[in-house]
Structure formats: structure tokens, C-alpha cells
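As C-alpha cells, the structure follows; a few thoughts come after it.
From a predicted model like this one, the values you see are computed outputs, not experimental measurements.
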Amino acid sequence: YATLIALYNREAKKNDDQLILNRTLYYGLSGDDVKMLQKRLVELGYLTGTPSGVYDARTEAAVIMFEGANGMSPTYTYVGYAGQWVADKLNSGSAVSFAAFSKGSSGNAVLMLQTYLRKLRYLSNTPNGTLDQTTVDALNAFQKINGLSVTGNADYATLIALYNREAKKNDDQ
């Protein structure tokens with residue numbers, strides 16, 4: 001009885017560690033829910049800085065990085081949107097923290113990377129989820145055209161730039 005009274009009381013304390021979404025978040029929105037999303041992305045290494053509460057291009061890119069590393073299909077229509085799937089994963093104990101990757105890496109995060117490199121015309125091969133030499137070459141070209149250090153590695157700066165709506169396309173292709 002005491003638990004139920006406390007639960008339904010308007011003075012009940014919230015669990016500030018849980019991201020609760022009453023709407024799907026996407027580029028251009030703002031609010032406390034966006035700030036909480038950003039806070040979780042900072043905690044997991046997908047976003048840097050202080051949460052602003054504005055779903056800007058960096059937040060969108062961080063969500064895409066999170067989705068790729070945590071198993072979302074790169075062909076899903078709403079990549080870059082933070083809906084219930086993203087909230088549930090961020091709230092779970094199994095959310096994967098950000099980690100850079102390089103030649104020889106494989107998995108869903110690489111598949112997401114390749115999908116975006118192909119979308120921006122840096123990669124002509126069909127994405128296969130393995131960071132092979134063709135993907136390294138595409139990453140090098142992307143890094144050069146976008147003013148990044150040319151390393152062939154999928155580091156934080158490269159992925160934020162790649163998944164950013166301002167990423168430069170390869171006009172040579």
C-alpha cells in the first residue's frame with residue numbers, strides 16, 4: 001500500500017538515469033528529452049560536450065553511430081531518429097559504448113559505415129560488414145575531402161563527420 005501511494009503521488013521522485021520518450025526525437029527538435037538523450041550519448045562516448053537540449057546535426061550523427069554499434073540495420077528508414085528502440089537500448093545494461101575501429105574490423109557498425117560511404121559515393125562495392133582495403137580506401141578519400149586526418153580508421157572525428165548531414169559527397173564518382 002505504501003509503495004503504491006508513493007508511486008502515484010505527484011511528488012514521486014523520477015529515476016533520472018532512465019531515458020523516457022513520449023515522442024520520437026529527430027533533427028530540429030528540442031527539450032528535456034533531447035537533453036537526456038544527449039546525456040546518455042555523452043556517457044557512452046558517442047557525443048562530446050555539454051548536452052544542450054537541441055537535436056542538432058552532431059546529435060543526429062551520434063545517434064547514427066550508436067545505432068550502428070548497437071545492431072540497428074543501416075537500411076532502416078528512420079536511422080538517426082531516436083525512438084523507443086534507441087531509448088530501450090540506452091536504458092539497457094547492454095548498450096555498447098563508442099569504440100573506434102580499423103582495417104579488419106567487422107560487424108554492424110562497419111556495415112553502417114559502408115552504407116554511408118556508399119550513399120556519399122565513396123564506396124562502390126556492396127556493403128559487407130568487413131572493413132577491408134576497399135573500405136579503407138573509401139575512408140581515406142572521405143577523410144581527405146572532408147578535411148580530416150587521413151588515417152583509414154573509423155575514429156570519432158571521422159564517424160561524426162560521415163554521419164553528419166553536412167558531409168561532403170565524392171563528386172568524382
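Y26 OH: 12 or fewer foreign heavy atoms inside a 6.0 Å radius.
Placement of V54 and V42 in two distinct hydrophobic clusters is found when ILVMFWY residues are connected by side-chain heavy-atom separations under 4.5 Å, directly or transitively. Note on F66: it clusters hydrophobically with F98, by side-chain heavy-atom contacts below 4.5 Å among ILVMFWY residues. Note on L111 and L117: separate hydrophobic clusters, where clusters join Ile, Leu, Val, Met, Phe, Trp and Tyr whose side-chain heavy atoms are under 4.5 Å apart, directly or indirectly. In this structure, Y78 is a member of the same hydrophobic cluster as Y46, with clusters built from ILVMFWY side-chain heavy atoms closer than 4.5 Å.
Formation of a donor-acceptor pair under 3.5 Å by the Q143 side chain with backbone atoms of T158 is not found in this model. A donor-acceptor pair under 3.5 Å is absent between the side-chain atoms of E67 and the main chain of V86, judged by distance alone. The backbone N or O of D155 lies less than 3.5 Å from no partner atom in the side chain of N153, so there is not a single donor-acceptor pair. Between the side chain of S92 and the backbone N or O of S94, at least one donor-acceptor pair lies under 3.5 Å. Under the 3.5 Å distance criterion, the side-chain polar atoms of N70 are matched with a main-chain donor or acceptor of V96. With E60 contributing its side chain and G28 its backbone, the two residues share no donor-acceptor pair below 3.5 Å. A donor-acceptor pair is defined here as one N or O able to donate and one able to accept, closer than 3.5 Å; no such pair exists between the side chain of N146 and the backbone of L148. A donor-acceptor pair under 3.5 Å is formed between the side chain of Y163 and the backbone N or O of L113. Although no hydrogens or angles enter the test, the distance criterion places no donor-acceptor pair under 3.5 Å between the side chain of R121 and the main chain of D171.
A pairwise comparison of heavy atoms in A167 and A161 identifies CB-O, 3.2 Å as the closest pair. Shown here for D132 and Q114, the closest heavy-atom pair between the two residues is OD1-NE2, 4.5 Å. When all heavy atoms of K168 and I145 are compared, the closest pair comes out as CD-O, 3.5 Å. In terms of heavy atoms, L19 sits closest to L90 at CD2-CD1, 3.7 Å. For the residue pair R165 and A57, the shortest heavy atom distance occurs at CG-CB, 4.1 Å. The two residues M65 and I160 come nearest to each other via the heavy atoms SD-N, 3.8 Å.
Between M36 and I20 there is no side-chain heavy-atom pair separated by less than 4.5 Å. Side-chain contact between I64 and M72: absent, with no pair of heavy atoms (C-beta onward) separated by less than 4.5 Å. No side-chain heavy atom of N108 sits less than 4.5 Å from a side-chain heavy atom of S73. Annotation: side chain of V63 is not in contact with side chain of Y27 (no heavy-atom distance under 4.5 Å). A 4.5 Å side-chain heavy-atom check between L47 and R40 finds every atom pair outside the cut-off. Put simply, the side chain of V110 reaches to within 4.5 Å of the side chain of F101, judged on heavy atoms. M112 has its side chain out of reach of T115: every pair of non-hydrogen atoms, C-beta onward, lies at least 4.5 Å apart.
In this structure, NZ in K39 is found 10.5 Å from CG in L44, a value given to the nearest 0.5 Å. For the atom pair OG (S149) and CG (N140), the distance works out to 11.5 Å, reported to the nearest 0.5 Å. A distance of 12.0 Å separates NZ in K35 from OG1 in T59, rounded to the nearest 0.5 Å.
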Can R118 and T126 be said to form a side-chain contact (heavy atoms from CB on, under 4.5 Å), step by step?
CA-CA 8 Å; R118 185 176 167 102; T126 301; 4.2 Å; yes

Applying side-chain contact (heavy atoms from CB on, under 4.5 Å), run through V34 and Q38 and close with a yes or a no.
CA-CA 6 Å; V34 174; Q38 291 170 327; 3.9 Å; yes

Verify side-chain contact (heavy atoms from CB on, under 4.5 Å) between L37 and L21, making sure each step is shown before the conclusion.
CA-CA 9 Å; L37 168 71; L21 294 181; 5.7 Å; no

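Results of the side chain to side chain contact (heavy atoms under 4.5 Å, CB included) test with L123 over D137, N170, T134 single out T134 as the only residue that passes.
Sorted by first and then second residue, the pairs that involve residues 131-153 and meet ring-ring contact (aromatic ring centres under 6.0 Å, His included), not counting sequence neighbours, are Y122-F142.
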